Asks: 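What follows is a single structure, and I will ask about it in a moment.
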Amino acid sequence: MLYINCPHCGMRSQNEFSYGGDASVKRPELNIEVSDQEWDNFVYNRKSLRGKHLELWQHISGCRQWIKVERDTATHEIFRTFKADEEVA
Amino acid sequence: MTQAFRIENGGLINRDKKLSFKFNGKNYFGYEGDTLASALLANGVHLVGRSFKYHRPRGFFGAGVDEPYAVVQLYRNGETEPNIKATEQELFEGLEAKSVNCWPSVNFDIGAINNFLKIFLPAGFYYKTFMWPKSFWYRIYEPFIRKAAGLGVASTKHDKERYEHKYEYCDLLIAGSGPSGLAGAYAAAKNGAKVILAEDKPRFGGSLLTSDVNIGNQSGKDWAEGIIAELKTMPNVVVKNRSQIFGYYDHNMLVMSEKVSDHLPSTKKYHPNKRLWYIRAKEVLISSGSIERPIVFGNNDTPGVMLSSAAKEYLKVYGVLVGRKPLVFTNNDSGYETAIEFKKHGVDPVVLDSRKNAESEIIDEAKNLGINIKNSYVVVAAQGYKKVKSADIATISEDKKQLGKIESIQCDCICVSGFWTPTIHLASQSGNKTKFKEEIDAFVPGQSKQNEITLGAANGVFSLDETLKTSFKAGSELSKKITENDNEIAIPNVVEKKSSQHDKFWCVPLPKGKNYKRFLDFQNDVAVSDIEIALREGYRSIEHVKRYTTLGMATDQGKTSNLNGLQLVSEIENKVVPAVGHTTFRPPYTPVSIGAIVGREVGKHSKPTRKSPMHSWHEKNNAVFVDAGIWLRPRYYKRGNENLFEASKREAKNVRTNVGVCDVTTLGKIDVKGPDAAELLNRVYTNAWLKLPVGKARYGVMLREDGIVMDDGTTTRISENHYHMTTTTAQAANVLSHLEYYLQLVWPELNVNVVSTTEQWAGAAIAGPKSRDLLQKLFPNSDVSNEGLPFMGYMEGDLFGVKARIFRISFSGELAYEVNVESDYGNFMWEKIIEVGEKFNIQPYGTEALSTLRIEMGHVAGSELDGRTIPFDNALEGLVSKKKDFIGKRSLQRSAFIAEDRQRIVGVVPLDKQTSIPEGSHLVKDDKAPLPNPKLGHISASCWSVEYDNPFSLAILKDGKNMIGQKLFAMSPLKNKVIPVEIVSSHYVDPKGERVRS
């Protein structure tokens with residue numbers, strides 16, 4: 001079971017969190033023209049990376065904040081975690 | 001009363017406490033501190049089972065977790081449990097056990113005919129044979145294999161025992177309480193670290209209990225006892241016996257199964273049977289020791305052939321002789337230690353050493369004791385069927401290929417030692433890539449992967465002195481990093497006898513003209529010849545060889561067989577062992593009770609149960625409940641002998657004619673507050689929200705980004721910046737997360753807060769033509785007229801002193817209201833509604849009537865919003881704004897979603913107006929068409945229309961818009977029904993929606 005450092009609460013076990021997918025996906029702005037391809041990429045197309053992956057988790061049984069977790073999908077190593085509004089350098 | 005094979009004195013058992021037990025129906029006795037295995041051996045019982053494939057007689061091979069044979073069915077306190085290792089099961093008064101895998105009895109086993117058919121049962125036999133003819137599988141092969149397979153029978157009764165889960169955190173977790181574990185634990189504890197020391201056996205000390213060593217001028221055993229006693233007094237230390245760490249998972253999470261009660265005749269009150277520990281450790285010290293490995297020779301599975309370390313353990317721990325004429329067969333010095341113990345207890349062993357000459361302190365001691373030692377000798381085959389009677393032995397050439405003349409030697413047991421295999425399972429599970437260590441012919445852990453370190457025999461270090469030094473140091477350094485204490489510990493002097501190099505020899509060749517079975521894997525009857533066949537047939541990867549031959553599978557997971565298997569494969573393949581590699585070690589290390597894994601989450605505890613504040617009223621009034629997610633909701637209120645159908649019809653009809661009340665507390669409720677609340681709703685819902693006035697409710701539909709309907713419900717503007725959102729019962733949690741996602745990640749600039757208020761409000765839906773009259777009586781000071789509170793209006797009211805929210809919204813399609821009060825007043829509200837409603841003939845209605853009412857009105861619910869439909873499919877496209885953007889809007893332009901013949905909700909009525917259509921039935925054009933009959937749509941929900949008194953269903957139908965009036969067939973192969981139907985509008989009752997506005 002993963003051990004995730006919630007930037008708001010500290011180290012917590014995975015069973016307090018819910019997975020939310022790729023954190024690098026950016027929703028297109030509202031009220032703008034979006035091509036089929038762009039929209040498909042946003043809704044459906046994801047890379048299944050082996051290695052470092054920035055992903056979203058929600059601390060659903062804790063502070064309910066969505067956070068970003070930088071994790072290796074092969075080794076499960078977690079490198080860094082970020083608040084929702086933190087820029088990932 | 002004496003036991004034939006129990007020595008007079010010695011051992012760690014309590015001879016003052018006799019325990020009686022039963023094995024295969026026969027009465028025996030043993031002592032407190034015995035295992036079932038040691039007690040049976042003390043009574044001279046060696047035959048305990050039959051082997052898996054050939055049903056050959058099986059005895060005891062080990063003395064602990066590595067045991068491949070002695071798996072029994074246990075009976076304890078009226079319960080039965082299969083797959084119990086007799087070598088691990090502690091004896092208790094009244095224990096009962098039976099052999100498994102034999103019929104009719106262990107002494108006369110019909111399956112043993114397989115032994116004579118074994119030429120027909122080689123590796124892959126089942127795969128090859130049971131393939132054809134196909135029709136035989138179901139009727140003949142499968143039942144046969146099922147009967148033949150398995151080790152014991154699982155109970156079909158409810159398990160009365162209780163199992164617990166425990167979460168624990170520590171600085172240092174230590175797996176195994178042998179010399180390495182004790183030293184590491186002691187050093188870390190002295191530095192103030194929080195330590196957990198786990199030992200799978202009842203007694204702490206590991207190899208120190210049986211080895212002839214001195215530590216700090218005490219025997220190894222006494223030293224271990226002293227350390228454990230001191231650790232137990234330290235507040236920062238938890239020591240646990242009978243506790244097996246069986247899995248090493250991500251981020252230093254380890255799982256341990258503690259057998260709390262298995263050693264007792266029955267579980268004490270308030271105690272669990274087992275406790276599963278989830279331990280998050282900062283550092284892990286793996287001191288799991290090593291397991292002796294066998295040497296392969298002919299008929300090496302005969303009862304009486306066992307590991308030499310096990311023979312020594314039975315003698316030193318339990319005071320039991322495994323035989324009176326022992327033959328020790330060894331390729332290293334460990335066999336001599338066993339021989340010396342025999343000799344000390346007046347038994348004369350014969351030692352066969354495969355080495356030509358070997359010199360060491362241990363061997364010298366054996367010689368001095370006058371033990372008969374035969375160098376360059378091997379056991380060619382054991383003789384005897386149910387018990388070893390003699391052994392065929394011979395000299396062996398130095399290249400280990402040529403056997404000398406076969407001689408026979410009388411013996412009643414053969415204690416075999418083929419050197420030691422480090423127990424690397426936990427290290428490997430942690431992700432550690434193991435490496436092959438030539439000097440010991442075995443794998444040891446490589447570079448640490450997580451925060452783990454492996455020491456002592458588990459790391460291939462068999463010198464006690466070195467083990468203690470490295471373990472004290474490791475315990476001290478690991479803890480120093482965490483506690484920043486550095487308390488020096490004097491490392492005690494060690495006296496141990498030096499041993500000599502083992503012989504790299506693991507398999508005795510077959511003598512000319514003999515075809516003895518030479519077993520590698522004892523639990524699965526995998527012999528040398530099976531591996532040879534697998535390789536001959538082209539299997540190369542060790543993982544494939546394992547699966548084809550079953551080498552290393554089953555409950556012992558090859559603890560005694562894996563390395564010899566690898567040796568054989570590497571020899572035939574002409575590769576070195578590390579090039580063959582080993583199969584993956586996966587948790588659990590040893591079988592774990594399903595009960596322990598499930599813990600307390602059984603029966604009603606498998607999930608939480610949510611009840612509305614009015615639950616006890618429903619109970620008192622004969623409600624029959626139904627699970628709605630984790631909520632319990634009244635399905636109907638039973639009157640007299642009514643069934644579900646009759647009761648729900650009565651309830652629904654009463655809503656259409658008088659007034660009914662339904663508990664709608666379970667609906668999800670979310671408070672949406674902030675200056676940008678309207679903007680959020682406008683982006684989340686498909687329809688427009690910016691102009692909704694205060695005091696008004698609006699129905700809304702929200703989509704996922706892929707255009708699929710996520711949820712629907714009404715949201716009410718309570719005040720300028722305050723909205724009360726409702727969701728369906730099922731989607732409440734998802735909708736909240738959905739809103740939080742957009743607020744926190746996508747549109748953080750929106751100044752809005754959302755919070756669940758589902759449990760803060762109790763809700764009652766009051767529906768029916770008389771609902772307004774009732775409402776007026778409930779709120780005499782409020783103007784609830786059609787003008788004062790119009791459709792989709794909202795007001796606050798005073799319910800006999802309790803503040804209430806009144807919404808004029810309707811799910812039933814009737815004139816209807818929903819009243820909310822704070823949860824604590826829920827029951828008060830409900831009783832008032834029932835009391836005042838009496839003169840309007842009010843009846844409570846459950847979810848079944850609720851469904852009927854919404855279905856015949858064509859209102860959609862979860863069965864239509866099933867994660868596959870868009871607004872158009874549900875005839876909700878009128879709610880989709882063309883002017884503004886919202887979540888999922890762009891997806892609605894997908895070609896499939898705008899197709900001319902897009903599926904759409906319709907009503908379905910059976911032509912005979914009698915036959916109810918099963919939900920899930922498919923709609924087809926031609927009921928006689930060949931299969932697969934093209935499906936046009938499916939029945940999503942069915943009811944008995946109380947308005948028209950005939951069955952009515954909703955369906956999602958291809959090109960539904962143009963299908964009204966068509967005649968189709970509803971087919972349910974599951975229920976074996978074909979029903980001719982007519983497609984009608986989904987708005988079966990009150991299509992103009994006049995009643996809700998009346």
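Numbered from 1 within each chain, the chains take letters A, B, ... in sequence-line order. Owing to the predicted nature of the structure, the values given are computational and were not obtained by experimental measurement.
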Asks: If you measure from CD on Gln744(B) to CD on Gln58(A), what distance do you get to the nearest 0.5 Å?
Replies: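 The CD atom of Gln744(B) sits 6.5 Å away from the CD atom of Gln58(A).
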
Asks: Taking everything shown except Gln447(B) itself, do over 12 heavy atoms lie less than 6.0 Å from its CD?
Replies: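 Check fails, neighbour count at 12 or below.
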
Asks: Please find the pair of heavy atoms, one from Thr75(A) and one from Asp250(B), that lie closest to each other, and give the distance.
Replies: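 It is O-OD1, 4.2 Å.
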
Asks: Between His251(B) (side chain only) and His76(A) (backbone N and O only), is there a donor and an acceptor less than 3.5 Å apart?
Replies: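 The answer is yes, because a donor-acceptor pair under 3.5 Å joins these two groups.
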
Asks: Would you call Trp39(A) and Arg894(B) a side-chain contact if the rule is heavy atoms closer than 4.5 Å?
Replies: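 Sidechains of Arg894(B) and Trp39(A): no contact.
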
Asks: Using heavy-atom distances under 4.5 Å, tell me whether Leu736(B) contacts chain A through its side chain, its backbone, both, or neither.
Replies: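 For Leu736(B), the contact with chain A is made by backbone and side chain together.
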
Asks: Check the pair Glu705(B) / Phe42(A) against side-chain contact (heavy atoms from CB on, under 4.5 Å), numbers first and verdict last.
Replies: CA-CA 9 Å; Glu705(B) 290 286 17; Phe42(A) 161 62; 3.6 Å; yes

Asks: Could you tell me which portion of Lys889(B) (side chain, backbone, both or neither) has an atom closer than 4.5 angstrom to a non-hydrogen atom of chain A?
Replies: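 Neither part.
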
Asks: Tell me if a side-chain donor or acceptor on Arg280(B) pairs with a main-chain N or O of Met1(A) at a distance below 3.5 Å.
Replies: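 Looks like yes, one N/O pair under 3.5 Å.
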
Asks: When only pairs under 4.5 Å are counted, which of Pro748(B), Ser737(B), Gly431(B) shares the most heavy-atom pairs with chain A?
Replies: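 Between Pro748(B), Ser737(B), Gly431(B), the count favours Ser737(B).
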
Asks: So Tyr741(B) and Leu56(A), do their side chains get closer than 4.5 Å, heavy atoms only?
Replies: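 Sidechains of Tyr741(B) and Leu56(A): in contact.
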
Asks: Rounded to the nearest 0.5 Å, how far apart are CG of Leu745(B) and NZ of Lys68(A)?
Replies: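 These two atoms lie 7.0 Å from each other.
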
Asks: So among Val746(B), Asp885(B), Ile887(B), which one has a side chain to side chain contact (heavy atoms under 4.5 Å, CB included) with Leu30(A)?
Replies: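 Of the listed options, the one satisfying the test is Asp885(B).
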
Asks: What part of Gln65(A) is in contact with chain B, defined as an atom under 4.5 angstrom from a non-hydrogen atom: side chain, backbone, both or neither?
Replies: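 Contact with chain B: backbone and side chain both.
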
Asks: Quick check on Ile594(B): does its CD1 atom have over 12 non-hydrogen neighbours (other residues, nucleotides or ligands) under 6.0 Å away?
Replies: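 At most 12 heavy atoms, drawn from other residues, nucleotides or ligands, come within 6.0 Å of this atom.
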
Asks: So with a 6.0 Å cut-off around NZ of Lys607(B), is the heavy-atom count from everything else above 12?
Replies: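 Yes, NZ of Lys607(B) has more than 12 neighbouring heavy atoms, counting only those of other groups under 6.0 Å.
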
Asks: To the nearest 0.5 Å, tell me how far Asn31(A) CG sits from Lys883(B) NZ.
Replies: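 The distance works out to 13.5 Å.
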
Asks: Below 4.5 Å from any heavy atom of chain B, which atoms of Trp66(A) appear? Answer side chain, backbone, both or neither.
Replies: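 For Trp66(A), heavy atoms of backbone and side chain both lie under 4.5 Å from chain B.
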
Asks: Could you tell me whether Asp36(A) and Arg890(B) make a salt bridge, using a distance below 4.0 angstrom between a side-chain N and a carboxylate O?
Replies: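 Yes, this pair counts.
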
Asks: Sort Val34(A) into side chain, backbone, both or neither according to what part of it lies under 4.5 angstrom from a heavy atom of chain B.
Replies: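 Val34(A) touches chain B through backbone and side-chain heavy atoms alike.
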
Asks: Closest approach of Gly888(B) and Arg27(A), non-hydrogen atoms and distance?
Replies: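 Result for this residue pair: N-NH2, 4.0 Å.
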
Asks: How far does CG of Asp706(B) sit from OH of Tyr44(A), to the nearest 0.5 angstrom?
Replies: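 Output value for this atom pair is 4.5 Å.
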
Asks: Chain A heavy atoms under 4.5 Å from Tyr167(B): which part of the residue, side chain, backbone, both or neither?
Replies: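 The side chain, not the backbone.
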
Asks: Could you tell me which of Lys449(B), Lys884(B), Arg683(B), Gln450(B) has the largest number of non-hydrogen atom pairs under 4.5 Å with chain A?
Replies: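 Counting heavy-atom pairs under 4.5 Å, the top option is Arg683(B).
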
